[in-house]
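To start, the structure under review is shown below, and the notes come after it.
Atom set for the values below is all heavy atoms of this structure, side chains included, hydrogens, waters and symmetry mates excluded. In what follows, chains carry the letters A, B, and so on, assigned in the order in which the sequence lines appear, proteins first and then strands, with residues in each chain numbered from 1.
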Amino acid sequence: MTELSKQYNPKETESKWYEVWEKNNFFSAKAAPDKPPYTIVIPPPNVTGILHMGHALNNSIQDILIRYKKMKGFEALWMPGTDHAGIATQNVVEKTLAKEGLKRQDLGREKFIERVWEWKEKYGSTIIYQLKKLGCSCDWSRLRFTMDNDYSTAVTEVFVRLYEKKLIYQGSYIINWCPRCQTALSDEEASHSELQGHLYYLKYPLEENPQEFITVATTRPETMLGDTAVAVNPKDKRYKKYIGKVLALPLASRRIKIISDNIVDMHFGTGAVKVTPAHDPNDYALGKKHGLEFITVMTPDGKMNNMAGKYSGLDRFKAREAVLEDLKSLGCLEKIDPHTLSAGHCYRCHTIIEPYLSKQWFVKTKPLAKPAIEAVKKGRIKFYPGRWTKVYLNWMENIQDWCISRQIWWGHRLPVYYCKDCQGARSQELSAKGIIVSRAKPDKCPDCGGTDLIQDEDVLDTWFSSWLWPFATFYWPKETADLKYFYPTSTLVTGPDIIFFWVARMVMAGFEFRKQVPFKDVYIHGTIRDIEGKKMSKSLGNAIDPLEIIAEYGADALRFSLISITSQGQDVFLSKERFEQGRNFANKIWNASRFILMNLKPEAANADLRVLLNAGKLDILNRWILSRFYSTLEEVEKNLNCYKFNETANSLYSFFWHEFCDWYLELIKPQINREETQIVMYKVLEETLRLLHPFMPFITEEIRQRLPGAKVSIIQQGWPHLQAQMIDLKVENQIQSVFDIINMVRNMRAELELNPSSFIDIELALPDKQAHNIIKPLLDYIKNLAKVKNLSLSEKYIPQANQYAAVFKDMHIIMPLSGLVDTETQLKKTEGKIGKLQADIRSKETMLGNKNFTARAPAEIVEAERVKLKEMQMQIVKLEAVRNGLR
RNA sequence: GGGCUCAUAGCUCAGUUGGUUAGAGCGUUGCGUUGACAUCGCAAAGGUCAGUGGUUCAAGUCCACUUGGGCCCACCA
């Protein structure tokens, strides 16, 4: 066995063990009918992704679950993969093209897509390597990509099925349009944020009397060029007389009608609203209802089109200025008020969304939502923390149809073909004629037999492929053995930001295509923020790079620190110093293990603990640590099973550090060569390492391998079995008393400013004779850790001037002094304690004197309070004796 | 407009179904390095649990309101 360094060096161990795990296929899972399955599908990171703290947290949690379940005997599968991330990836590749002075149109569709694939091959696995650095135990042999051939088959299949069920339709509606990406977006992809804008009051003259105006208020004056009506509320007395009259729309020189509709809010703006049916969703509805004209005044890249007359070619915001300028000179701009408005922004490039009328494909979602609502209501899918249930249900119950077509190139092309011969016959309105939706490209048109078929140019929303992730990764629509065994999956771990994008839709897909839930538990973790509460992001420059932390502190430290501060679902405010806790803990584990390894005899690994226990060969100290260990194990499992990761991490931390190291290892030093100590010390370390392994996989593996009895990996050692008979609260209490006494002596020493390394004498005065027998065998422990030279036991406390005494339960702890210490100070301190105790006693007495309390509180609580009061009364007598001795 | 969430030690946060003297990590202060660990040990200081009112024998915990952060949803032109 090689010498261990004084400090843990994560770099040396991490890559080494990861290789071993991979080489031995410890991460692979196979359908195993004799074992229960446990499945997690990874939220597939974008191929453009690089590991950030959110990923680190998300994947640490998943790895903890997978490693725990694997050790526990489940066939645990963690399905990995990446998402093609349509718009995001296309944007990235377009940027690299721009450096060559090229646009994607210069290459053409096919060549461009080739470039994207090239980019993907080159950079698309970056995040996979980074996940490995984190220690993730994904079954990499199953790595999937949402644009894999098989996966695309599933996407096409789903489109065709939904189309055939009439749950997919095509139509012209107002959608969210990103003028920069030049594509439609779903409602979820338009993230609304407030911005400071203006409310512009425009005057439209009446045709019959141009001196008379109706003033409308708008935030987007440039759209007035597409106005086809002005609407007022029918109840609005101010405008009643104008309803049905005609206005001369300035600049556009068009006649528009004044219509009335209840939807108009009389109290907003002027109570008269301009109606632009082609550029606003509300106006669109009004346009439909009142049979208005739809005039599109913009081009897809956000410029004014030739319907906009002289403004044609101007960018929409430049056009706004120009329009305002011209209205002003016409005297048609009444005023401008500051106004905060909320505008949609493209979730990929943050450009302000333009509501835009265009022909798109939609999923009819209401029927899909129905079983997805029911499943959650009935608890077949559970959210952790539970409050997300409401968020999910609220969205699901108010679900809108899903716009799934995107006008970009990178993605799954719609399996929609048009017959050129039939196209002429197609009306603008919905008609299936000449539209062929098919799994494979058809040879000829089923309507006219024409062979001139072209495929729809659009691709599908990225989420239209990711919503199939829990089963498409198992090669659905094939009924594979893996699909049957591993699906439905067990737990989904993700952040709150993609509940609508992804989680909700997966539930819908699960029911629609598999007739069951896609997962049983959804664990929603918090968002990682910087110390000021801002979301961590590269663009804000406040991000802490997990890889940097791994390089500096190690992956185990990163994981442990992250987990220990993330209480269930709560956001995390993170600073770099936070990771020192994990690093220090790793180092503590390392050094405690180093100490044990230096003293351990290999045969200790072979003994059977139960035999030893039954033979009565375990002393109280060893029984104590075993009891504490199994109590901890019990707690760890309870917390893990309800996704309380921080509590688990913290109980392991405090058990290992503050009980095992601070007390146990210190106390056993004098008896370290005793057989029972050897065995227990080995046992507790070995099993604690196993409990820690899901949290800190590398260091626990490294140390386990150095202990006797190692298998190829600690993963194979499995999860320790709870041995409830080892939990002994009586033993725990007795040892706790010893610790309390030691603490008191240490405290007294510190109060007296005695050098911690000097030995002192102590007398314990304990009136209860029977207690003497219990404490006698424990005296050596006290002597050891409290640095006591002579420890005597007596039955009676005799107050004396040259001593310092303290009280613990019914015991006086007496420290003889050689006269150097100031008795005045001791007296003050003792009196202070008495004063505090008196106050406590008074409040207890009041409490117990209250008949309401004694009558209504549970008997055991009242009894406990009585006992407590008695103890306090006893203590005060003893303290008073001490005080009298000092006087 | 609706909903969620947070406010506890100087900082970051725990605190289970209401029930002893409210905890941890970091930081601070004092003492301590001859063999596990200074990425350490021992000890200490530090909290009217945001405010007000209520329910209760009992409130950090439950309820209402107030104040101040953060987030989400919604078609206020």
Which pairs with one or both residues in residues 264-273 of chain A pass side-chain hydrogen bond (donor to acceptor under 3.5 Å, both in side chains), sequence neighbours excluded? none
Can you find a side chain N or O atom of A:Lys844 that sits less than 4.0 Å from OP1 or OP2 on B:U21? yes
Test: salt bridge (charged side-chain N to carboxylate O under 4.0 Å, His left out). Region: residues 638-662 of chain A. Which pairs qualify, not counting sequence neighbours? A:Arg628-A:Glu659
Has A:Lys390 got a side-chain N or O lying under 4.0 Å from the OP1 or OP2 atom of B:C4? yes
Side chain of A:Lys868 - closest among B:A14, B:U20, B:C4: B:U20
RNA chain B base-pair string [pairs: Watson-Crick or G-U under 3.5 Å; |: paired with another strand]: (((((((..((((.....[...)))).(((((.......))))).....(((((..]....))))))))))))....
Please tell me if A:Thr218 has a side-chain N or O lying less than 4.0 Å from either OP1 or OP2 of B:A77. no
Contact nearer the 5' end of RNA chain B, comparing A:Trp663 with A:Ile565: A:Ile565
Any side-chain N or O of A:His339 below 4.0 angstrom from OP1/OP2 of B:A77? yes
Sequence neighbours excluded, the answer for side chain to side chain contact (heavy atoms under 4.5 Å, CB included) partners of A:Asn784 is A:Pro670
Between B:U20, B:A14, B:C76, which nucleotide has the shortest distance from any of its atoms to the side chain of A:Glu865? B:U20
If a protein heavy atom is under 4.0 Å from the base, mark B; if only from the sugar-phosphate, S; if neither, -; do that for nucleotides 35-42 of chain B going 5' to 3'. -BBSBSSS
Excluding sequence neighbours, so at least two apart, what forms side chain to side chain donor-acceptor pair (under 3.5 Å) with A:Lys844? A:Glu865
